[in-house]
Amino acid sequence: MEFASFSRDALECFCCPLLQEIDFLVQYTENINKFRDQAQTLNAVVADVNYSVQQATGNGVGIKNEVQDWLRRANNKATEAQNLENEVRANQRCACACCSPAWLSRYNLSKKAVSIAGEMGVICKEKNFESVSLPAPPPPIPEPAAPAPASHFMSFQSTQNAMELILKAVKDDNNNINIVGVHGMGGVGKTTMVKQVAEKVMTEGLFHRVVMATVSQTMNLKKIQSSIADGLELFLKKKSDDGRANELRAKIMAEKKILIISDDVWERIELSSIGIPFDHDLEACQSKILLTTRREHGLPLALVTVARALGDKDEEEWKKAARRLKRSVSPNPDHQEKVTECIKLSYDFLKDREARACFLMCCLFPEDHNISKEVLARYGMGLRLFHNVDTLDEARGDADTFTKNLIDSGLLLKCDEDGFVKMHDVVRDTAKLISSSGNEELFNFMAQAGSALEEWPRRDTHFESYTAVSVMFNDIKRLLDEPVCPKLQTLLLQENRNLIEIPSGFFNRMNTLKVLDISGLPVVSLPPSIRLLENLCTLYLDRCKSKDISILGGLKKLEILSLNKSLINTFPGELTELAELRMLDMSS
């Protein structure tokens with residue numbers, strides 16, 4: 001019995017390693033395929049991180065050491081994987097030439113593939129940072145920018161008085177003031193004012209840090225927490241809202257003397273849900289909260305937009321505008337209708353239909369979003385918004401011209417980043433009203449970008465009349481099976497990270513669609529009905545997970561196809577049928 005047991009143990013010790021070695025040879029194809037899949041995954045993650053690093057570097061922001069170290073290891077491993085891929089291909093060519101595989105070579109390659117695939121998997125899991133950049137120092141006061149730069153009215157005595165009151169309250173250490181509120185309607189310059197306060201108190205050494213987060217009309221808790229964490233140079237490890245809140249609170253309590261700015265607060269917020277200490281805890285850590293919200297006071301935004309719209313008009317036009325504005329007087333204490341009417345007037349004074357179209361198109365993007373002029377050009381090209389335009393370069397020129405005109409008209413804002421513009425949230429609300437009123441030919445929009453939607457808008461919504469639907473940057477998980485959209489020309493679905501499937505017949509009744517953006521969706525296969533989009537001109541498939549896009553060969557009118565950072569293995573021959581294609585973006 002003892003001999004038998006010893007023999008069995010000895011056999012296992014000898015045979016198990018041997019079988020494992022044989023497996024490297026038997027499972028050669030499977031091991032190589034798994035290796036290639038893992039290499040593709042690593043390359044995609046590296047591309048995403050590199051893009052974020054380029055964006056941060058372009059903005060003059062430093063990169064975290066952990067990110068640089070991770071990229072170094074990831075790039076080294078990617079290079080090692082590419083070298084192995086070259087060896088595999090060389091082995092395949094030799095096998096074809098000799099009509100028999102090189103068994104020893106296959107064994108070695110398979111063993112290497114298993115080892116490198118495992119190492120790549122570990123590196124991918126170690127990518128656990130949400131932000132690649134070091135926190136920026138407190139932002140400098142921006143140059144005057146339309147539509148309502150603070151410098152236009154900063155010299156007003158009332159504004160100076162408000163500034164002094166805020167500084168006095170923030171500096172106060174005797175009356176237990178730890179939360180200071182700044183109220184005023186949209187466009188009055190609250191954000192610029194609190195940034196100036198932040199710069200002054202930091203210069204005087206009253207606080208160790210200033211951190212700032214924009215709350216906005218649709219509150220995104222994770223985004224707010226991330227903004228505060230970046231300002232604190234804190235990497236949030238927890239996934240849950242409560243877990244991140246606990247991390248933030250602990251950091252603030254430990255560090256002390258922090259000025260926390262919550263900008264654009266629309267409704268009551270629970271500070272504890274974010275991770276901000278309050279009451280005695282806030283006092284104990286010698287920190288203060290400065291928040292802005294909209295209530296009442298003057299109309300700088302309205303004054304700027306109207307003045308710019310009427311700047312080159314004669315006296316009679318001024319009189320007509322005055323009569324129109326008088327008719328818009330409202331008992332509303334916030335004067336929101338008055339501001340809306342002023343912005344509408346500026347819009348009506350736009351000479352070019354293309355400028356109007358470009359303005360309304362900007363409301364399809366989320367609040368506080370940096371809008372790319374390149375994207376406006378590509379969308380506009382697909383929609384035929386620009387007259388006498390035959391090339392994408394010409395469309396870019398028109399987009400640049402019209403956005404400059406809109407900035408001069410007080411309807412768009414400049415961005416610190418070249419190639420981008422912004423839309424003030426008050427102006428955006430007005431643009432949404434105009435675009436959904438049904439009074440504009442060809443413009444009837446449903447703009448719910450960044451609205452925290454978790455499902456497709458209600459079934460009783462009248463999609464039959466919409467020419468554009470934007471639900472980008474939401475949390476939609478499921479689409480309607482076959483929405484009826486006979487007039488729809490633009491559909492923007494990008495960045496719905498929980499949308500893993502597009503129903504097979506989703507595009508069945510959208511034959512007028514010209515612009516489609518489904519970038520950043522975790523959809524692994526395109527629906528069959530996409531081939532029915534016979535009028536589609538612009539298609540964005542950035543970061544596409546689908547490896548087979550041969551179905552796109554049926555889109556005969558397609559002119560712009562963006563596949564930036566996509567995971568396709570090979571370029572399908574069917575796409576040679578796209579005779580109208582003018583731009584193919586396969587960067588990264």
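- Distance check: L541 CG to S562 OG gives 8.0 Å after rounding to the nearest 0.5 Å.
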Taking it one step at a time, do E559 and R384 satisfy salt bridge (Lys or Arg N to Asp or Glu O under 4.0 Å)? CA-CA 12 Å; E559 295 181 349; R384 300 295 185 265; 2.7 Å; yes
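- The minimum heavy-atom distance linking L533 with M510 is given by the pair CD2-O, 3.4 Å.
- The minimum heavy-atom distance linking L555 with I530 is given by the pair CD2-O, 3.2 Å.
- L364 CG to Q448 CD: the interatomic distance, rounded to the nearest 0.5 Å, is 11.5 Å.
- Between R396 and E394 there is no salt bridge, since no side-chain nitrogen of the basic residue lies less than 4.0 Å from a carboxylate oxygen of the acidic one.
- With sequence neighbours excluded, the residues satisfying side-chain contact (heavy atoms from CB on, under 4.5 Å) with P486 are E464, V484.
- A 4.5 Å side-chain heavy-atom check between I476 and E454 finds every atom pair outside the cut-off.
- Taken from CD1 in I518 to SG in C544, the straight-line distance is 7.0 Å, to the nearest 0.5 Å.
- Within 6.0 Å of CD in E455 there are 12 or fewer heavy atoms belonging to other residues, nucleotides or ligands.
- Under the side chain to side chain contact (heavy atoms under 4.5 Å, CB included) test applied with M361, the options V515, T490, L376 reduce to a single match, L376.
- Tested against F463 for a side chain to side chain contact (heavy atoms under 4.5 Å, CB included), the candidates R509, M446, K487 yield a single pass: M446.
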Determine, step by step, whether D548 and S550 satisfy the side-chain hydrogen bond (donor to acceptor under 3.5 Å, both in side chains) criterion, reporting the C-alpha distance in whole Å, the side-chain angles of both residues, the deciding distance to 0.1 Å, and the verdict. CA-CA 6 Å; D548 182 8; S550 57; 2.8 Å; yes
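- One distance of note links CD of E367 with CG of D429; it measures 7.0 Å at 0.5 Å rounding.
- Between K373 and D400, at least one side-chain N (NZ, or NE/NH1/NH2) sits under 4.0 Å from a carboxylate O, which counts as a salt bridge.
- The shortest non-hydrogen separation linking L526 to S546 is N-OG, 4.2 Å.
- Side-chain contact between D585 and L561: absent, with no pair of heavy atoms (C-beta onward) separated by less than 4.5 Å.
- A donor-acceptor contact shorter than 3.5 Å is absent between the side chain of R378 and the backbone of M583.
- Judged by distance alone, with hydrogens and angles left aside, the side-chain atoms of S587 form no donor-acceptor pair with the main-chain N or O of N564 at under 3.5 Å.
- In this structure, the side chains of N511 and L532 stay at 4.5 Å or more apart for every pair of heavy atoms.
- Side-chain contact between F473 and F365 is absent, with no heavy-atom pair separated by less than 4.5 Å.
- Other residues, nucleotides and ligands contribute over 12 non-hydrogen atoms within 6.0 Å of the CG atom of L584.
- Taking a cutoff of 4.0 Å between a charged side-chain nitrogen and a carboxylate oxygen, R478 and D481 qualify as a salt bridge.
- You'll find the side chain of K547 stays beyond 4.5 Å of the side chain of S566, heavy atoms only.
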Tell me, with the steps shown, if Y379 and Y540 meet ring pair (Phe, Tyr, Trp, His ring centres under 6.0 Å). CA-CA 10 Å; Y379 286 1; Y540 268 83; 5.8 Å; yes
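- T512 places a side-chain N or O within 3.5 Å of a backbone atom of L488 that can act as its donor or acceptor partner.
- In this structure, P366 and A449 approach most closely via the heavy-atom pair N-CB, 3.7 Å.
- Between F420 and K414 there is no side-chain heavy-atom pair separated by less than 4.5 Å.
- With a 4.5 Å cut-off on side-chain heavy atoms, V469 and L492 do not count as touching.
- Taking CD1 of I549 as the start and CG of L567 as the end, the distance is 11.0 Å to the nearest 0.5 Å.
- In this structure, Y466 has its ring center at least 6.0 angstrom away from the ring center of F445.
- When the shell of 6.0 Å around NZ of K222 is examined, it contains 12 or fewer heavy atoms from other residues, nucleotides or ligands.
- Taking a cutoff of 4.0 Å between a charged side-chain nitrogen and a carboxylate oxygen, R543 and D48 do not qualify as a salt bridge.
- Annotation: the span from C358 atom SG to L385 atom CG amounts to 8.0 Å, rounded to 0.5 Å.
- Taking both residues in full, the closest heavy atoms of K545 and P522 are given as CG-CA, 3.9 Å, listed atom of the first, atom of the second, then distance.
- The two atoms that bring L479 and F506 nearest to each other are CB-CE1, 3.7 Å, heavy atoms only.
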Step by step, would you call R582 with D393 a salt bridge (Lys or Arg N to Asp or Glu O under 4.0 Å)? CA-CA 11 Å; R582 295 164 183 260; D393 274 342; over 6 Å; no
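- The existence of a salt bridge linking D416 and K422 is excluded, since no basic side-chain nitrogen approaches an acidic carboxylate oxygen closer than 4.0 Å.
- Q494 pairs with exactly one of D517, D542, N474 by the side-chain hydrogen bond (donor to acceptor under 3.5 Å, both in side chains) rule, that one being D517.
- Note on residues 527-538: pairs passing side-chain hydrogen bond (donor to acceptor under 3.5 Å, both in side chains), not counting sequence neighbours, are N535-K557.
- For K432, the side-chain contact (heavy atoms from CB on, under 4.5 Å) partners two or more places apart in sequence, or in a different chain, are C363, R428, A447.
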